[in-house]
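Just so it is clear, the model here is predicted, and its values are computed rather than measured. Positions are given from 1 along the sequence.
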Amino acid sequence: MPKQCEICQGAKAIMRRPKTGQSICKECFFRVFETEVHNTIVDNKLFRRGDRIGIGASGGKDSTVLAYVMKTLNERYDYGLDLFLLSVDEGISGYRDDSLETVKRNKEQYGLPLLIVSYEQLYGWSMDDIVEAVGRKNNCTFCGVFRRQALDRGALMLDLDHIVTGHNADDVAETILMNIFRGDIPRLGRCTEIATSGDGYIARSKPFKYAYEKEIVMYA
């Protein structure tokens, strides 16, 4: 006999939830996932009514789900937020093209304004140009710094109050371990915070801080 959903006690359970081990139906999984993100936002007072929020949109699963969930919760709970998609084109041939197309589809599907900023536009160098000049050994350092600054500059163009990113619980755990191995005590203290001031410009937060990566994949 098919097992019933442990939450609604009515529908057939189709999955065992990784986070709790509960056997639940599809609709209850959607609802509980969204409710937990809502509780994270409310409990941590991440936003204020009227805030202009930029969703860091890479075109991957995390940012795509984040955009959908932010739009859904903003409408369901009347947060009163103005939402925007903000994407960075690093200028890496064959890497960013497909994901940017996904972001453009998200713009149409979710009805959210989109701004794409590129390294070439902001700095006069694409990532391919940088690699050609400095080689492959240290190029990730350049990309990380440029990307953070690009998000801040894009936020200034859109006059944003806040940027949200799709970093999840797995990402936080990985960052903790990485900073332990490096012995980087200052970053170890900061990396678990749900909201930061970025580099002193635009506030940033992680609404998916307590969401498991596997559940984001299942939700997607």
Side-chain angles (χ1 to χ4, degrees), residues 1-44 46-47 53-79 81 83-88 95-112 114 147 151 162-178 191-195 204-220:
M1 182 176 178
K3 195 170 185 179
Q4 283 188 323
C5 172
E6 293 182 30
I7 294 179
C8 69
Q9 299 293 322
K12 176 184 173 183
I14 64 166
M15 60 176 285
R16 181 176 294 277
R17 191 180 176 204
K19 192 172 186 178
T20 62
Q22 292 172 301
S23 297
I24 58 177
C25 67
K26 180 175 70 173
E27 294 305 320
C28 282
F29 171 67
F30 288 157
R31 178 63 68 162
V32 76
F33 182 92
E34 292 161 0
T35 301
E36 286 180 1
V37 177
H38 167 66
N39 290 340
T40 297
I41 290 171
V42 172
D43 292 347
N44 292 278
L46 295 184
F47 315 121
I53 308 296
I55 301 166
S58 68
K61 66 182 186 318
D62 297 318
S63 66
T64 299
V65 171
L66 178 63
Y68 177 81
V69 171
M70 285 293 299
K71 176 179 170 62
T72 298
L73 298 181
N74 190 41
E75 294 173 352
R76 180 181 297 162
Y77 297 104
D78 190 26
Y79 292 160
L81 305 176
L83 300 178
F84 301 83
L85 297 174
L86 176 57
S87 191
V88 176
Y95 169 72
R96 185 54 78 197
D97 301 337
D98 289 344
S99 56
L100 285 177
E101 289 304 311
T102 299
V103 172
K104 292 173 184 176
R105 285 198 300 273
N106 293 159
K107 172 193 172 186
E108 301 302 324
Q109 291 170 332
Y110 305 154
L112 297 176
L114 167 65
R147 183 175 178 77
L151 282 173
H162 201 112
I163 297 172
V164 293
T165 60
H167 293 96
N168 56 53
D170 298 63
D171 295 323
V172 174
E174 289 169 6
T175 304
I176 290 170
L177 288 173
M178 184 171 63
C191 71
T192 59
E193 296 175 0
I194 192 168
R204 300 180 186 219
S205 66
K206 302 183 281 280
F208 283 173
K209 179 184 174 182
Y210 303 109
Y212 287 17
E213 183 173 28
K214 189 171 184 179
E215 294 203 348
I216 292 172
V217 172
M218 296 169 77
Y219 186 95

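- Of all non-hydrogen atoms in Pro207 and Thr165, the two that sit nearest each other are CD-O, 3.8 Å.
- Lys104 has its side chain within reach of Leu114: a pair of non-hydrogen atoms, C-beta onward, lies under 4.5 Å apart.
- At least one side-chain heavy atom of His38 sits under 4.5 Å from a side-chain heavy atom of Tyr77.
- Of the charged side-chain nitrogens involved, none lies within less than 4.0 Å of a carboxylate oxygen, so that Arg17 and Glu6 do not count as a salt-bridged pair.
- Around atom NZ of Lys26, no more than 12 heavy atoms belonging to other residues, nucleotides or ligands sit under 6.0 Å away.
- The neighbour count for Tyr68 OH, taken as heavy atoms of other residues, nucleotides or ligands under 6.0 Å away, does not exceed 12.
- A salt bridge links Glu34 with Arg76; the closest basic N to acidic carboxylate O contact falls under 4.0 Å.
- Considering only residues two or more places apart in sequence or on other chains, Phe84 meets the ring pair (Phe, Tyr, Trp, His ring centres under 6.0 Å) condition with none of them.
- Between Ile55 and Ala67, the shortest heavy-atom contact is CD1-CA, 3.9 Å.
- Residue Cys25 comes nearest to Lys12 through the heavy atom pair CB-O, 3.4 Å, listed as atom of the first residue, atom of the second, then distance.
- More than 12 heavy atoms of other residues, nucleotides or ligands shown are found within 6.0 angstrom of CG on Asp43.
- Shown here are the side-chain contact (heavy atoms from CB on, under 4.5 Å) partners of Arg147, two or more places apart in sequence or in another chain: Ser58, Val88, Glu90, Arg96, Tyr119.
- Ion pairing between Glu101 and Arg105 fails under the 4.0 Å rule for side-chain N and carboxylate O.
- Scored by the side-chain contact (heavy atoms from CB on, under 4.5 Å) test, Ala220 finds Val65 as partners (sequence neighbours excluded).
- Ring planes of Phe33 and Phe29: tilted class, angle from 30 to 60°.
- Residues meeting the side-chain contact (heavy atoms from CB on, under 4.5 Å) test with Ala169, sequence neighbours left out: Tyr212.
- Between Glu193 and Lys206, no side-chain nitrogen of the basic residue sits less than 4.0 Å from a carboxylate oxygen of the acidic one, so the salt-bridge criterion is not met.
- Residues Ile176 and Cys191 have side chains in contact (heavy-atom distance under 4.5 Å, counting atoms from C-beta outward).
- With sequence neighbours left out, the side-chain contact (heavy atoms from CB on, under 4.5 Å) criterion links Thr64 to Thr102, Asn106, Tyr110.
- Shortest non-hydrogen contact noted between Thr40 and Asn44 is O-ND2, 2.8 Å.
- Every residue meeting the ring pair (Phe, Tyr, Trp, His ring centres under 6.0 Å) condition with His162, not counting sequence neighbours, appears here in chain and number order: Phe47.
- A donor-acceptor pair is defined here as one N or O able to donate and one able to accept, closer than 3.5 Å; such a pair exists between the side chain of Thr20 and the backbone of Gln22.
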